[in-house]
Amino acid sequence: TVSNAGSVQVYTTNGSVTLNNVDLDDIDDATAINVVVSGTGNVNLTGVDISDGTDGSGITVTTNSGSISLADVDVTNQSDGYTANLQSQTGNITITNGSSNGSTFDGGADSLGFVATTNTGSITITGAAGAGNQITFTDADGTANGATLSAPTVTLTRVTADDNAMNGIQISNANTITLNQVISTD
C-alpha cells in the first residue's frame with residue numbers, strides 16, 4: 001500500500017506490462033497508475049485498489065497495438081480526473097472481477113468518469129454472478145458519463161451505473177452491442 005506518495009508510471013516501446021496487487025491511496029496531483037506502450041504489448045492489471053485521488057486520473061492505459069485487461073480493480077473517490085481512461089488503437093479491452101466482490105469505478109468531486117476506446121478491438125465488461133458482484137460506474141460529475149465506451153463491439157454483463165451527472169453508460173462507434181443484466185439509474 002502506498003499512501004500520500006508517488007504514483008506508478010510505466011513507459012515501454014514494446015512488451016507486455018503486468019501489475020498485480022497494487023494498492024494506492026491519496027495520490028494527489030498525478031495519475032495513480034499510468035501505463036504507456038507506444039509499440040506492441042498487452043497491459044494486465046489485477047487486484048488493483050486506488051482510493052481518494054485528486055487532480056489526476058485513477059488509471060490511464062494507452063497502447064498502440066495490444067489488449068488491456070483489468071481484473072478485480074477498484075477505483076474509489078477519484079476526484080478531478082477519470083476513474084480510468086483506457087485507450088487501445090487495435091486491441092481488446094476487458095474488465096472482469098472475482099466471484100466474491102464487485103469492481104467499482106467511483107468518482108468524487110469533478111470526476112470525469114470511466115472511458116474506454118479501441119478503434120478495431122472489442123470492449124467486454126463482465127461482473128461475476130451473484131448479488132453485489134457487478135461492475136459499477138458511479139458518481140461521474142459535471143458533464144461526464146459514468147462509463148463512456150467506444151468500440152466496434154461492446155458487450156456488458158452484470159454492469160451497474162448509478163448517480164452520474166449525464167448518462168450512466170454511453171456507447172458509440174459500435175456495430176454490435178450486447179447487454180445482459182445491465183442497470184443504469186440516477
Just checking, any donor-acceptor pair under 3.5 angstrom between side chains of [X] and [Y]?
{"X": "T160", "Y": "T136", "value": "no"}
{"X": "D141", "Y": "S111", "value": "no"}
{"X": "N173", "Y": "S150", "value": "yes"}
{"X": "T138", "Y": "D106", "value": "yes"}
{"X": "N119", "Y": "Q89", "value": "yes"}
{"X": "S122", "Y": "N92", "value": "yes"}
{"X": "D72", "Y": "N97", "value": "no"}

Considering the options D110, D52, L112, I50, which one meets the side chain to side chain contact (heavy atoms under 4.5 Å, CB included) requirement together with Q78?
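The residue from D110, D52, L112, I50 that satisfies side chain to side chain contact (heavy atoms under 4.5 Å, CB included) with Q78 turns out to be I50.
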Out of the candidates V43, V35, V36, only one should pair with V10 under the side chain to side chain contact (heavy atoms under 4.5 Å, CB included) rule; please name it.
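Exactly one pass, corresponding to V35.
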Say you draw a straight line from [atom1] of [X] to [atom2] of [Y]; how long is it, rounded to the nearest 0.5 Å?
{"X": "L86", "Y": "I68", "atom1": "CG", "atom2": "CD1", "result": "5.0 Å"}
{"X": "I123", "Y": "T153", "atom1": "CD1", "atom2": "OG1", "result": "9.5 Å"}
{"X": "T118", "Y": "Q87", "atom1": "OG1", "atom2": "CD", "result": "9.0 Å"}
{"X": "I93", "Y": "S67", "atom1": "CD1", "atom2": "OG", "result": "8.5 Å"}
{"X": "N85", "Y": "T148", "atom1": "CG", "atom2": "OG1", "result": "10.0 Å"}
{"X": "T157", "Y": "I95", "atom1": "OG1", "atom2": "CD1", "result": "13.0 Å"}

Once you measure the plane-to-plane angle for F114 and F137, does it fall in the parallel (<30°), tilted (30-60°) or perpendicular (>60°) bin?
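F114 vs F137 ring planes: tilted.
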Can you list every side-chain hydrogen bond (donor to acceptor under 3.5 Å, both in side chains) pair that touches residues 29-45, not counting sequence neighbours?
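Residue pairs passing side-chain hydrogen bond (donor to acceptor under 3.5 Å, both in side chains), neighbours aside: Q9-N34, Y11-N34.
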Report the C-alpha separation of T54 and D28 in whole Å, then their side-chain angles, then the decisive distance to 0.1 Å, and conclude whether the side chain to side chain donor-acceptor pair (under 3.5 Å) test is met.
CA-CA 5 Å; T54 59; D28 296 329; 2.7 Å; yes
Could you go through the side chain to side chain donor-acceptor pair (under 3.5 Å) check for T124 and T94 one step at a time?
CA-CA 5 Å; T124 303; T94 304; 5.0 Å; no
Is it the case that the side chain of N167 and the backbone of N145 share a donor-acceptor pair, with hydrogens and angles ignored and the cut-off at 3.5 Å?
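Here the side-chain-to-backbone pair does not exist.
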